[in-house]
Protein chains: 2
Amino acid sequence: MTEQMTRPLGLRERKKLKAMRHIQRVALDLFDRDGYAHVTIERIAAEAEVSPSSIYRYFGTKEMIVLWDEYDPIMLQAFDDRLAAQDPISALREVLTEVVTAAMFDQDEQFIRRRMTYMMEEPSVRASMGRQADETAVQLRQTIAKHTGRDPDGLELRVVTVALISAFMEAIAYWHDSGYRDSLREIVDGALDVIERGLRVG
Amino acid sequence: MTEQMTRPLGLRERKKLKAMRHIQRVALDLFDRDGYAHVTIERIAAEAEVSPSSIYRYFGTKEMIVLWDEYDPIMLQAFDDRLAAQDPISALREVLTEVVTAAMFDQDEQFIRRRMTYMMEEPSVRASMGRQADETAVQLRQTIAKHTGRDPDGLELRVVTVALISAFMEAIAYWHDSGYRDSLREIVDGALDVIERGLRVG
DNA sequence: TTCTGAACTGCGAGGCACTGTCAGTTGACC
DNA sequence: GGTCAACTGACAGTGCCTCGCAGTTCAGAA
């Protein structure tokens with residue numbers, strides 16, 4: 001069992017989280033003002049009153065300043081929990097709709113949309129998101145394999161997993177392209193329907 | 001109609017193509033010897049006897065030296081051609097199996113495998129491939145929309161397209177991870193089957 | 001064949017993301 | 001309160017990539 005309990009969280013980790021939130025917020029403000037490419041790490045560091053070294057230690061790359069989301073690991077955990085009593089598809093569907101939309105109102109939705117815009121429109125950020133999706137896919141299929149006894153490295157499970165993830169990401173892209181008009185939850189639901197039902201020849 | 005005939009190809013373009021092939025081959029040799037990260041553009045340029053500027057003009061980025069494939073545009077064209085008389089799924093299936101495997105013996109397969117290894121194992125190359133896949137997805141769904149009258153920006157077509165492409169890429173990854181043991185054609189066929197039939201709850 | 005414009009090439013300078021190291025500091029655990 | 005590990009900032013360096021400029025090469029017409 002992956003006993004990943006939400007431990008009390010020491011002072012050290014609390015400070016780090018606070019710093020990361022602060023840096024991300026400062027960075028996004030600068031990006032909005034001057035454009036992603038024209039804002040240097042050095043400027044973000046100065047504005048946030050930390051050293052550039054720290055930013056790299058926290059986020060690793062410039063793109064991860066946009067991509068980082070403190071609730072990401074919670075998603076995977078929520079999925080793992082539900083898998084004990086549910087089939088993978090509906091478990092994933094619930095996590096991707098209920099939990100995602102729930103988290104979006106814990107944080108404010110406006111902030112998520114601002115991040116989303118850079119994920120969609122800044123090529124380097126989008127590429128990094130793709131890499132992140134790959135890693136998520138690996139964890140996801142291992143989790144599914146653990147609960148269902150399937151071969152985690154079999155072609156079928158691998159293909160199913162990436163199809164679901166890329167459907168989710170395309171739902172987000174669709175949401176963005178249509179000006180965040182409709183509810184994300186419905187779009188994600190619709191995208192998963194398409195994958196689940198399979199292809200119909202027009 | 002996208003009358004993209006294979007025009008006679010002037011001297012200028014012929015030289016450029018020859019240079020790009022040469023640079024790619026030289027670069028891969030160096031990568032194999034010293035590792036992707038330890039080979040600088042400057043070294044590639046020196047070894048290939050061109051200027052670093054030219055490499056950037058040809059490929060744009062270091063990753064594209066690995067990713068570039070002169071037959072890529074031909075694939076899309078082949079797909080467009082078949083779409084006039086076939087449904088999208090089987091047209092894509094044919095292109096992704098027949099044409100891909102055919103092109104692999106025009107060039108030598110060993111060379112493609114070497115490139116593939118960097119695409120799979122070098123994170124930055126893999127990320128760039130993801131970006132390239134996104135662009136392909138856009139063109140693909142516009143082509144399908146043109147032939148079937150569907151909405152090119154509708155959620156359903158968007159999701160179907162990215163699902164097919166990511167299934168194809170996962171097939172390649174599977175092929176790589178299993179040591180290039182089975183035939184790529186069969187793996188791709190199997191991956192497309194999974195998408196086409198839809199998901200079964202275990 | 002020769003002329004003219006456009007495309008291509010190499011060169012040099014520079015910006016900036018990112019890495020590694022090293023002292024100095026701060027929180028964790030006894 | 002003391003010890004150790006983890007974190008932080010400062011600094012130097014590497015290499016990808018961009019831009020502008022001058023010289024060269026090809027394409028299309030005269």
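Below, chain A is the first sequence line, B the second, and so on; all start at residue 1. Remember, predicted model here, so these are calculated numbers, not experimental data.
- Following rounding to the nearest Å, B:Glu13 (CD) and C:dC8 (C1') show an atom-to-atom distance of 12 Å.
- No side-chain donor from either of B:Thr117 and B:Tyr36 sits under 3.5 Å from a side-chain acceptor of the other.
- B:Ile55 places its CD1 atom 16 Å from the C1' atom of D:dT18, with the value rounded to the nearest Å.
- The NZ atom of B:Lys18 sits 12 Å away from the P atom of D:dC26 (whole-angstrom rounding).
- The side chain of B:Ser53 lies closest to C:dG12 when the candidates are D:dT8, D:dA10, C:dG12.
- In this structure, A:Leu17 atom CG and C:dG27 atom P are separated by 16 Å, rounded to whole Å.
- Residue B:Tyr58 has a polar side-chain atom (N or O) positioned under 4.0 Å from OP1 or OP2 of C:dT9.
- Checking D:dG9, D:dT18, C:dA17 against every side-chain atom of A:Tyr56, the shortest atom distance belongs to C:dA17.
- Using a cut-off of 4.0 Å between Lys/Arg side-chain N and Asp/Glu carboxylate O, A:Arg141 and A:Asp151 are scored as not salt-bridged.
- The existence of a salt bridge linking B:Arg114 and B:Asp108 is excluded, since no basic side-chain nitrogen approaches an acidic carboxylate oxygen closer than 4.0 Å.
- Near DNA chain D, meaning a heavy atom under 4.0 Å away, the residues from residues 29-47 of chain B are B:Val39, B:Thr40, B:Ile41.
- B:Arg197 and A:Glu156 are joined by a salt bridge, as a carboxylate oxygen and a charged side-chain nitrogen come within less than 4.0 angstrom of each other.
- Atom-to-atom, NZ of A:Lys62 to P of C:dC16 comes out at 9 Å; the value is rounded to the nearest Å.
- One can place CZ of B:Arg12 at 15 Å from P of C:dG5, the figure rounded to the nearest angstrom.
- Atom CE in A:Met64 sits about 15 Å away from atom C1' in C:dC18, given to the nearest Å.
- Between the CZ atom of A:Arg14 and the C1' atom of D:dC7 there is a distance of 16 Å, given to the nearest Å.
- Among A:Ile23, A:Leu17, A:Ile65, the single residue meeting the side chain to side chain contact (heavy atoms under 4.5 Å, CB included) criterion with A:Tyr58 is A:Ile23.
- A residue-by-residue look at B:Lys16 and A:Thr61 shows that B:Lys16 has its nearest nucleotide of DNA chain C further toward the 5' end.
- Comparing B:Arg57 and B:Lys15 by the nucleotide of DNA chain D that holds the closest heavy atom to each, the one mapping nearer the 5' end is B:Arg57.
- Between B:Trp68 and B:Phe59, the angle of the ring planes goes over 60°, which puts this pair in the perpendicular group of the 30/60° scheme.
- Between B:Glu47 and B:Arg33, none of the side-chain N atoms (NZ, or NE/NH1/NH2) sits under 4.0 Å from a carboxylate O, so this pair counts as no salt bridge.
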